[in-house]
2 protein chains.
Amino acid sequence: MSVITVGTMAFDAIETPFGKANKIVGGSATYAAYAASYFVKPVQQISIIGYDFPEEELESLKARGVQLDGVEKVANKKSFFWKGLYHEDMNTRDTLVTDLNVLEDFDPRVPDSYQGAEFLMLGNLMPKLQISVIDQLKQKPKLIVLDTMNFWMETAMPDLEEALKRVDLLMVNDSEARELTHQYSLVKAAKKIREMGPKYLIIKKGENGALLFYEDKVFFAPAFPLEDVFDPTGAGDTFAGGFIGYLAKTGDISFNNMKKAIIVGSAMASFCVEKFGNTRLKELTAEELNSRIQLFRELTSFETELGIDL
Amino acid sequence: MSVITVGTMAFDAIETPFGKANKIVGGSATYAAYAASYFVKPVQQISIIGYDFPEEELESLKARGVQLDGVEKVANKKSFFWKGLYHEDMNTRDTLVTDLNVLEDFDPRVPDSYQGAEFLMLGNLMPKLQISVIDQLKQKPKLIVLDTMNFWMETAMPDLEEALKRVDLLMVNDSEARELTHQYSLVKAAKKIREMGPKYLIIKKGENGALLFYEDKVFFAPAFPLEDVFDPTGAGDTFAGGFIGYLAKTGDISFNNMKKAIIVGSAMASFCVEKFGNTRLKELTAEELNSRIQLFRELTSFETELGIDL
């Protein structure tokens with residue numbers, strides 16, 4: 001099965017308490033595509049880059065089965081650039097620079113060769129653009145996943161509401177779920193969000209794991225307790241890519257299989273943060289991934305029989 | 001097997017975004033004893049109360065198998081009183097009033113009838129007093145658990161360090177673990193704390209669950225995603241009481257059994273917060289507890305076979 005990933009391909013400058021990287025390749029669609037490419041081919045990328053985006057990165061993506069027909073290259077503009085400073089907790093960060101550059105002109109086009117894709121991952125973008133991608137698809141995918149952020153809730157809520165009606169799964173972090181619904185309780189927020197459209201909801205809580213809501217059911221995936229987190233950038237997009245990649249590999253969008261997909265996404269994200277940028281995502285082996293997943297299992301497994309008779 | 005629980009028996013005044021309670025029975029040892037009493041008898045209480053502590057509460061504890069020989073009653077002073085205001089997130093709170101009252105004179109005495117107890121739960125108190133209880137025991141218990149807080153790290157660190165050398169398990173929240181070790185990474189903090197004495201460490205993360213560290217192993221117990229949290233007061237002490245109560249019931253302090261005990265403690269805590277004060281802890285049935293534990297299991301269980309071959 002094929003996956004379309006939509007989002008940014010960009011440069012990041014990152015400072016964390018453990019080091020800094022001046023200008024490395026980043027962007028939501030880059031991380032998502034690398035992560036998904038471990039599970040499914042082709043990954044069909046839709047994005048926009050400037051003249052300065054490195055050719056070797058494009059080659060590296062192609063070599064992993066990522067199609068770039070939907071990536072527009074603008075000859076006279078630079079790629080999107082973001083500079084951020086992480087605080088000691090690695091969960092909060094300050095944005096120091098946002099240079100939109102090519103992103104100002106982004107009008108995503110779905111190439112003919114992408115038609116018929118079964119899975120669609122809409123990375124965080126202006127909701128109008130996310131809707132435009134859905135509109136261009138001649139056949140509704142089996143699963144549409146949408147990521148968004150508080151900025152769009154504050155500046156483009158009507159469009160976001162429209163987008164939510166047309167997707168199957170929303171992926172947000174806990175503060176975004178609260179902002180979207182004005183509910184502090186995540187259980188209540190989840191109910192409200194599912195009334196807005198998406199049947200499935202994933203609430204990401206960073207180092208505190210992720211929750212999946214569907215009907216009256218809930219599943220919780222822990223984050224892996226790492227000794228060192230070097231760079232959280234891209235962890236959420238890597239999670240998304242691993243999640244949808246695993247679903248596409250198996251072709252099964254049942255709640256039970258989504259649980260597994262969340263564990264796979266969490267495992268991929270736990271690798272992502274071990275080094276700066278997407279370094280770690282280019283070098284993973286099946287052994288590493290399987291043994292990390294085994295650790296995830298052990299992390300929350302306990303024996304069934306508790307024998308409680310009060 | 002028997003459990004000694006040491007801590008406060010007090011009055012609380014609580015305000016949350018969902019309501020307020022003017023003066024209700026609280027205290028770390030009260031919550032811990034109620035929770036432990038579901039699993040083990042006798043629970044042997046060590047605490048101090050004033051003339052104003054309600055007789056019916058003492059009767060209610062006794063009826064649940066809690067021995068009160070170690071509870072000193074001061075005829076001319078009031079019980080310890082705490083007043084707090086919870087913020088909307090229910091994880092942070094402001095202390096509005098702390099009236100130590102009888103607590104100023106607390107010098108815990110272990111009655112002869114308590115000698116030989118296999119389990120000791122030292123609730124959060126001045127470390128000197130925690131050490132004094134350990135010193136009075138003629139026979140070292142099978143497991144000594146210590147709870148503490150940042151206040152003692154700032155005002156009585158040498159005593160706390162001495163206490164840590166003499167206990168088997170430390171129970172703190174994430175910010176306390178960080179303050180104690182000057183390490184942000186909880187994995188690193190856990191290593192350092194275990195070098196300070198306790199073989200086992202539980203780091204509580206409130207609505208984000210709890211971690212158990214032992215040797216190079218780690219277990220994670222989620223908190224139950226509740227629709228409404230009415231009053232988080234006592235949740236940590238209830239967790240502690242359920243944890244040590246289950247261990248005492250089973251008499252098994254292996255890592256594997258501690259995992260179960262943490263789930264039991266988390267389940268007890270999830271009931272505690274559903275109503276103000278200790279109301280819920282007086283009325284639980286085995287059915288309720290077992291079915292909540294089943295929900296905990298379902299919350300993190302996923303099928304074993306992922307079939308990942310990259």
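Numbered from 1 within each chain, the chains take letters A, B, ... in sequence-line order. Worth saying up front: this structure is predicted, and the values here are computed from it rather than measured.
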Quiz item: Only one of Gln183(A), Lys188(A), Lys191(A) forms a side chain to side chain donor-acceptor pair (under 3.5 Å) with Glu227(B), so which one is it?
Solution: Lys191(A)

Quiz item: For Lys192(A), does the NZ atom have more than 12 heavy-atom neighbours from other residues, nucleotides or ligands under 6.0 Å away?
Solution: yes

Exercise. Identify the heavy atoms of Arg297(A) and Phe302(B) that sit nearest to each other, and give their distance.
Key: NH1-CE1, 3.2 Å

Once rounded to the nearest 0.5 Å, what's the spacing between atom [atom1] of [X] and atom [atom2] of [Y]?
{"X": "Thr300(B)", "Y": "Lys259(A)", "atom1": "OG1", "atom2": "NZ", "answer": "9.0 Å"}
{"X": "Leu212(B)", "Y": "Leu299(A)", "atom1": "CG", "atom2": "CG", "answer": "10.5 Å"}
{"X": "Phe296(A)", "Y": "Phe220(B)", "atom1": "CZ", "atom2": "CZ", "answer": "11.0 Å"}

Practice problem: Below 4.5 Å from any heavy atom of chain A, which atoms of Ser301(B) appear? Answer side chain, backbone, both or neither. | Solution: backbone

Exercise. Examine whether an atom of Leu226(B) lies under 4.5 Å from a heavy atom of chain A, and if so say whether it belongs to the side chain, the backbone or both; otherwise answer neither.
Key: backbone

Quiz prompt | Option that, when pairs with chain A are counted at under 4.5 Å, heavy atom only, ranks first among Lys217(B), Glu207(B), Gln294(B) | solution = Glu207(B)

Quiz item: Taking the six-membered ring for Trp, are Tyr184(A) and Phe18(B) ring centroids under 6.0 Å apart?
Solution: no

Practice problem: Would you mind checking which part of Lys205(A) comes under 4.5 Å of any heavy atom in chain B, side chain (CB onward), backbone (N, CA, C, O), both or neither? | Solution: side chain

